[in-house]
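Data first, discussion second: the structure below is written as structure tokens.
The figures here come from the full heavy-atom set of this structure, side chains too, leaving out hydrogens, waters and symmetry mates.
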Amino acid sequence: MDVDQMQRRFADYTASLFREGFLDDQFTQLQQLQDESNPDFVVEVVSLFFEDSERLLNDLGKALDQQIVDFKKVDAHVHQLKGSSSSIGAQRVKNACIAFRNFCEMQNTEGCLRCLQQVKQEYFLVKNKLESLFRLEQQILAAGGSNPMME
Amino acid sequence: MESCNCIEPQWPADELLMKYQYISDFFIALAYFSIPLELIYFVKKSSVFPYRWVLVQFGAFIVLCGATHLINLWTFNTHSRTVAVVMTTAKALTAVVSCATALMLVHIIPDLLSVKTRELFLKNKAAELDREMGLIRTQEETGRHVRMLTHEIRSTLDRHTILKTTLVELGRTLALEECALWMPTRTGLELQLSYTLRHQNPVGFTVPIHLPVINQVFSSNRAVKISPNSPVARLRPTAGKYMPGEVVAVRVPLLHLSNFQINDWPELSTKRYALMVLMLPSDSARQWHVHELELVEVVADQVAVALSHAAILEESMRARDLLMDQNVALDLARREAETAIHARNDFLAVMNHEMRTPMHAIIALSSLLQETELTPEQRLMVETILKSSNLLATLINDVLDLSRLEDGSLELDLATFNLHAVFREVVQLVKPIASVKKLSVTLVMASDLPEYAIGDEKRLMQTILNIVGNAVKFSKEGSISVAACIAKTEPLLDARAPDFFPVPSESHFYLRVQVKDSGSGVNPQDIPKLFNKFAQNQSLANRNSGGTGLGLAICKRFVNLMEGHIWIESEGFGKGCTASFIVKLGIGGRSSEPDHRVVPLNRVQSNFPGLKILLMDDNGVSRMVTKGLLMHLGCDVTITSSADECLRVVSPEYKVVFMDVGSPGTSGYEVTRRIHERIPKRHERPLIIALTGNTDKATKDNCLRVGMKGVLLKPVSLEKMRSVLSELLERGSLRES
């Protein structure tokens, strides 16, 4: 597959991610911030996001597993996750976090557990998608094309 | 001969006569002399006597007569010639004077007589004046009584008090035995005894209203004397033989609010009267005087006015109470409605979330599935699943949108957009399906249609797409034409909106879109129902036509939000259908973001080389993103991840501090205060801006209260950060956004 085709595929894939609501405008902003002085900005931020989120999801699992759930702590974690996801434009994760916080406010353990499932699901989905995206990017760069993110 | 006064017993007869004559003459002379004296004396005593010289004349006359008689005394015997001469002179003079006097008297006596007449006349006049004085005095007194009575009556607005006071005062003024007031009953057919002076508790006597005596009283506005035996006057059991006193009755008009027309002061068109009956004390032989009757009439009028005032007051009090009750009820209803709306919104929000969550799961997983290796059958199945679930998702969105639209809680997102591009995109989207159905789609855009416009692009597109989609859906063959132009200021031909005049202005224009299709058309009678919710034309139930029936309803609401009008024309089945709408859009320039809430700056810097910024955020990812953002703009960013670190690092060399205040438990406010303490001088202190994930008013207020210069919603876009920094540097704070 030549570079142009790959570029097109990249563009289509990105467009579909936007269309399906996985990513929103904020991701575009991130792409805009990537320049010559900062060529791997997006990858770095997203990697940090992955680390952060997995840690938070673990903590959340543990917190909700307790006999007596400390909803304040759970809420704090979810808040963090929400902040991170909105910073990189992971729209669905962010939305799921918003719903999660409602249940925390209502101190509904069942609901929280369900939401946690939801958030995890969304997170893995978007992680999957983004990793595919980065793979595509690498392929393009390897084939000698210009970085598609920095359009 | 000498006379002597000695009394002699017998005198000769002729000497006797002579003696008698002598004596008489003497006495006459005496009398004649004394009369003037008397006259003078009495005239001197009286101050008024106009005829003094007549008196003199008369006096002279009398004196001379007396002198004559006196001189006569000497002529009885022989007398000398002197005496005769004197006598003659005296007589002559007397003759002259007496003639003169007689002549004078002819003139005087009529005068004197007329004095008498005048005196009589004056006496009569005096008597008359006395009478009139008496009358005036009585009238004056009457007037005083009336004024006093009126004052008493008008000083209260309580009907009961008015009537009672009237009766009491009348009774006192006129010294009545009994005074009673009969009011008409509700039915208007009877008069009921309502108030009396002496009886403290009137028993409910009623009297039919159409008695002749009552009619007589009611037909005149004067006080009328009636017989003491008439039913209205018989208030006490007639015991005894006393003669009942005279009775007078007068009508009291009862005025209603409706009687007070502006132009004609109460002409008493609706005649409801009360009857006031006044009785003089029995056995007193008193009669009703005219002035008393007049007093009664005046009082009756005053009472009427006072009563009407009282009635009006009662009405208005009642109306006010009614209004207050209604207010309370309305308030309750409003609160109930609000609760209902809240409940519904909550329900919708939850349902929305509950419905969307599994929807998204289905859609996401199906789309993931689509990317794996599938057999063609499986692919088909997955595609169907995707299509159906997308449809379902759309349905859910539509329902939510519609309810938000009806709430009025939907607001348009106004922004500049490319109008031509919108139409092109709609056509692009529709072309695939249309070509499958072998329908041709043509787009005609008027040459004066502006390229850029200000409005809600998403919803405009949704509307156009919906209408064009309908056109495609309901046409089996033929062509679809989409025409867009600027609406002229002629009234619409749609009879349903006769008042809709699109009037363009400097900053706005009206876009007119017309979509014609050659499809199955619509029965003209069904056209009004098309825009109702959930209305589907039953006879057109195609298998292809899926959908909620909400599309047109939503379109209509969007169009209304855009201050426009939408309508459909069709000649009938098989004759195609034309859907048109007009919406109001702003005229857009080529540049972006006419955000009228932010005053445009003179220049927006594109780069801020060397601007030292301190960032405090405890979320790693968000910290990194913000730092990248600021570095992209050329700033020199220092990052801190906690309040302590921030306070350690902060110094006057930083121009701006971005502080995250969203996380619960962060001490953003506290840090701000400490910074203010640490760097008290304003020009040395960095500008502190809050970054937060929620923009409710409370957060904003708190931030501004501790001294932050602005609040930004995370995540911040590049453009926004650029303009924020420009504004901060130029103005030192952020205008409310």
How many angstroms lie between [atom1] in [X] and [atom2] in [Y], if you round to the nearest 0.5 Å?
| X | Y | atom1 | atom2 | result |
| --- | --- | --- | --- | --- |
| L30(A) | M624(B) | CG | CE | 10.0 Å |
| N619(B) | S86(A) | CG | OG | 8.0 Å |
| Q29(A) | K720(B) | CD | NZ | 12.0 Å |
| L629(B) | Q32(A) | CG | CD | 9.5 Å |

Looking at every heavy atom in both A364(B) and L125(A), which two are closest together, and how far apart are they? CB-CD1, 3.4 Å
Which pair of heavy atoms, one from V621(B) and one from F49(A), lies closest together, and at what distance?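 The pair with the smallest heavy-atom distance is CG2-CA, 3.5 Å.
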Residues of residues 110-123 of chain A under 4.5 Å from chain B (heavy atom pairs)?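 Result: Q118(A), Q121(A), E122(A).
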Between L368(B) and chain A, with a heavy-atom cut-off of 4.5 Å, which part of the residue counts as in contact: side chain, backbone, both or neither?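 For L368(B), the contact with chain A is made by the side chain alone.
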Proximal component of S367(B), with respect to chain A [non-hydrogen, under 4.5 Å]: side chain
For a quick check under 3.5 Å, do D35(A) and H632(B) share a side-chain donor-acceptor pair by atom type? yes
For K612(B), what residues pass the salt bridge (charged side-chain N to carboxylate O under 4.0 Å, His left out) criterion, not counting sequence neighbours?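 K612(B) satisfies salt bridge (charged side-chain N to carboxylate O under 4.0 Å, His left out) with D636(B) only.
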With sequence neighbours excluded, residues passing salt bridge (charged side-chain N to carboxylate O under 4.0 Å, His left out) with E54(A):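 Testing E54(A) for salt bridge (charged side-chain N to carboxylate O under 4.0 Å, His left out), a comparison that skips the adjacent residues, returns K127(A).
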More than 12 heavy atoms of other groups within 6.0 Å of M631(B) CE: no
May I ask you to check whether over 12 heavy atoms, not counting those of I433(B), lie within 6.0 Å of atom CD1?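 Atom CD1 in I433(B) is not packed in, count stays at 12 or less.
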Any residue meeting side chain to side chain contact (heavy atoms under 4.5 Å, CB included) with E371(B), in chain and number order, not counting sequence neighbours: Y13(A), K129(A)
Sort out for me which residue in D617(B), V716(B), V625(B) forms a side chain to side chain contact (heavy atoms under 4.5 Å, CB included) with S87(A). V625(B)
Side chain, backbone, both or neither of E44(A) within contact of chain B (heavy atoms, under 4.5 Å): both
Residue pair D618(B) / Q80(A), side-chain heavy-atom distance below 4.5 Å: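 With C-beta onward as the side chain, the pair touches.
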